[in-house]
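Comments concern the structure below.
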Amino acid sequence: MLTTTRIRDVIEAQRQFFATGKTKDLDFRIEQLKRLKQAVIDSKELVIDALNKDLKKSELEAYLTEVGVIREINYVLKHLKSWAKPKTVARPLDQFPSVARIYPDPLGVVFIVSPWNYPFQLTISPLLGAIAAGNCVTLKPSEISGHTSRLVADLIRKTFDPSYIAVVEGGVEVSQELLSQKFDHIFFTGGTQVGRIVMEAAAKHLTPVTLELGGKSPCIVETDIDLPTACKRIVWGKFINAGQTCIAPDYLLVNRRIKRDLLVGIERTITEFFGQNPANNPDYGRIISDKQFERLRGLLQDEEVLVGGQTNAGDRYIAPTVLDGVSLTSPIMQEEIFGPILPVLEYDKLDEAIAIINQRPKPLALYLFSTDKQQQQQVLRETSSGGVCLNDTIMHLGVSELPFGGVGDSGMGSYHGKASFDTFSHSKSVLEKSFRFDLNFRYPPYKNKLEFIKRFIGG
Ligand SMILES: NC(=O)C1=CN([C@@H]2O[C@H](COP(=O)(O)OP(=O)(O)OC[C@H]3O[C@@H](n4cnc5c(N)ncnc54)[C@H](OP(=O)(O)O)[C@@H]3O)[C@@H](O)[C@H]2O)C=CC1
Ligand SMILES: CCCCCC(=O)O
C-alpha cells in the first residue's frame, strides 16, 4: 500500500505537470486518447481473461460491456476538437462593442474511484473523459475485482507517466487516504452509502464531485406490449453479469392482467438464454465475492421462488431467479439487489405502481414497457429517475448523446460523450470589450441619469 507521503508525492507531481500546460494542448490530449485506445486494443485478450477470472464474465459480455469502451474513445476523438473550441455567445446591445465567449477549462488534478462490477469499463470510461478535458488523473480501481484491477494498473503504468495518469491500487484504506487529499474533482462510482463518505471527504476541500451511485431501478410492465420481446429484454437486462449491474431492472411492477403470461414468458426466456442448468452455461456469470454471495443468498430466505433459486457457495453461483408473492416489506425490497434475483410485485392501476416508485429513493434507471403514449407521458411526468428506457432495459447507456447519471440517492452529475468532457471541464465565461466606443450611463456622477436607467431596466 502506498504511504501517505507517496500519495502526496504522486499528486504533487501531477500538479506540477498540470502547471506546465501540456495537458491543455489539444494535440497532446488526442495523442493520449489514441495511446489509451491502442493500449485497450493490445490488452483485450488479457482483459477478457481477467474478467472471466473475477466474474466468470463471458467473452461476449466482456467485449460488449467492457472492451467496447473503445467505441467511446472513438466518439470522443471524433468530437473533441469542436467541444474544446471556445463558444461565442450572444450579448445584449448595451454591451456593444464586445465579444462574449465560453472557454472549457480543464479542472486540474482529478481523482477517479471505480467499482468491481464492470471494473474495466467503469475505470476507462471516466478516465477518457478526464483526458479529453485536459486533466491529470489519479485512479483507484476496486481491489475486489483483483485480476481486472491489476490489469488496469499494468495497462495505465505501461501507457502513461504517473505525473500525468497515476493508478493507486488498494482497498478502502487507500481510497480513504486518497479522499483526504485535495483534488480538483472526484469522480466516484459505487454504492450510495460510500457516496456519502466521498461527498463528506470532498466537502473538506470544497472539491466538486460526480457520484455515480446505485439503487433499486423499477421495471413497470403494462399490458399493450410485444410480450416475447419484452421478456427477452427484461431477462437480458436483469441477468447480464449475473445481475451485478447498477442499472439492472431491480424489481418488476406488473399489471395484474398480464402477470401470468409475463412470468411464463420470463421463465421460458431464461431457459432459452441459459438452458436447463445455467451453472454449466459459459454465457452466465458468477457473484464477485463470498460476501456478496452470502448477502444475496440471505435475500432468498423465506421467499417464494418461482424460477431458479439454486445456489452453490463454492462456485459463487446463484441461478437466474424469479420471486413471486413479494411484499414491499420483504428484505429484498429494502436494498439494491445487485444480483440475479428478480422480485415481482403486481398492481391493478398504473397509479399504484407510480406511487410505489415515488415512495422510495429516486432510482438510477426506470423502465416502462408500454406502447400507450399517455401511460409513457404519465410515468415520465410523475416519476423522477437518473434515466429512463421505454420498452427496453439498459440500452439507454448505448447512446453517447444521452448523459448518464443519477438523481437524489442514485447520484449527481453525469458522463458519457460530451457529458464526460463537460464534467471534467470548467466553463469559463469571457467578455472582451472594445475601447472604440463607451456608454457612460453607468459612471458617476449619476445626476440626470436615473430616469434613463429606470427606462433601461424597465419594470
Ligand atoms: N452509477 C453507476 O454507474 C454505477 C453504480 N454502481 C454501484 O456501485 C455499487 C457496487 O459497487 P461496489 O464496488 O460494491 O461499491 P462500493 O461503494 O463498495 O465501492 C466503490 C469504490 O469505493 C471504494 N470504497 C468502498 N468503501 C469505501 C469507503 N468506506 N471509503 C472510501 N472508498 C471506499 C471501493 O474500494 P474497494 O472495492 O477496493 O473496496 C471501490 O473502489 C452498487 O451500489 C452499484 O449500484 C456500480 C456500477 C456503476
Ligand atoms: C451494461 C453496462 C453497464 C455499466 C454500468 C452499470 O453497472 O450499470
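Just so you know, ligand 1 is whichever comes first in the structure, and atom 1 is the first atom listed for that ligand. Just so we're clear, the structure is a prediction, and the values are computed from it rather than from any experiment. The basis for the numbers below is simple: all heavy atoms, side chains too, and nothing from hydrogens, waters or symmetry mates.
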Taking the side chain as C-beta and beyond, is there a heavy-atom pair between F188 and K140 under 4.5 Å? no
Mind checking what residues have non-hydrogen atoms under 4.0 angstrom from ligand 2? T65, N117, Y118, Q121, T245, C246, I247, I394, L397
T123 side chain near I156 side chain, heavy-atom distance below 4.5 Å: no
If every non-hydrogen atom of H205 is compared with every non-hydrogen atom of L179, which pair is closest and at what distance? CD2-O, 4.4 Å
State, yes or no, whether a side-chain contact exists between W83 and P104 at a heavy-atom distance under 4.5 Å. no
Measuring centre to centre across the rings, with the benzene-like ring taken for any Trp, is F338 within less than 6.0 Å of W116? yes
Could you check whether K57 makes a cation-pi contact with Y118, meaning its NZ or CZ is under 6.0 Å from the centre of the six-membered ring and within 45° of the ring axis? yes
Pairs of donor and acceptor atoms involving the side chains of residues 267-279, under 3.5 Å and at least two apart or interchain, shall be tabulated with distances.
residue	atom	partner	partner atom	Å
T269	OG1	G265	O	2.6
T271	OG1	E267	O	3.2
N277	OD1	A279	N	3.1

For residues 193-202, which side-chain donor-acceptor pairs fall under 3.5 Å, sequence neighbours excluded?
residue	atom	partner	partner atom	Å
Q193	OE1	R196	NH1	3.2

Parallel, tilted or perpendicular: which fits the ring planes of Y415 and F404, with parallel below 30° and perpendicular above 60°? tilted
Neighbouring protein residues of ligand 1 - any heavy atom closer than 4.0 Å: V113, S114, P115, W116, N117, L122, K140, S142, E143, I144, G170, G171, V172, S175, Q176, L179, F188, T189, G190, G191, V194, I197, E212, L213, G214, C246, E336, F338, L364, F404
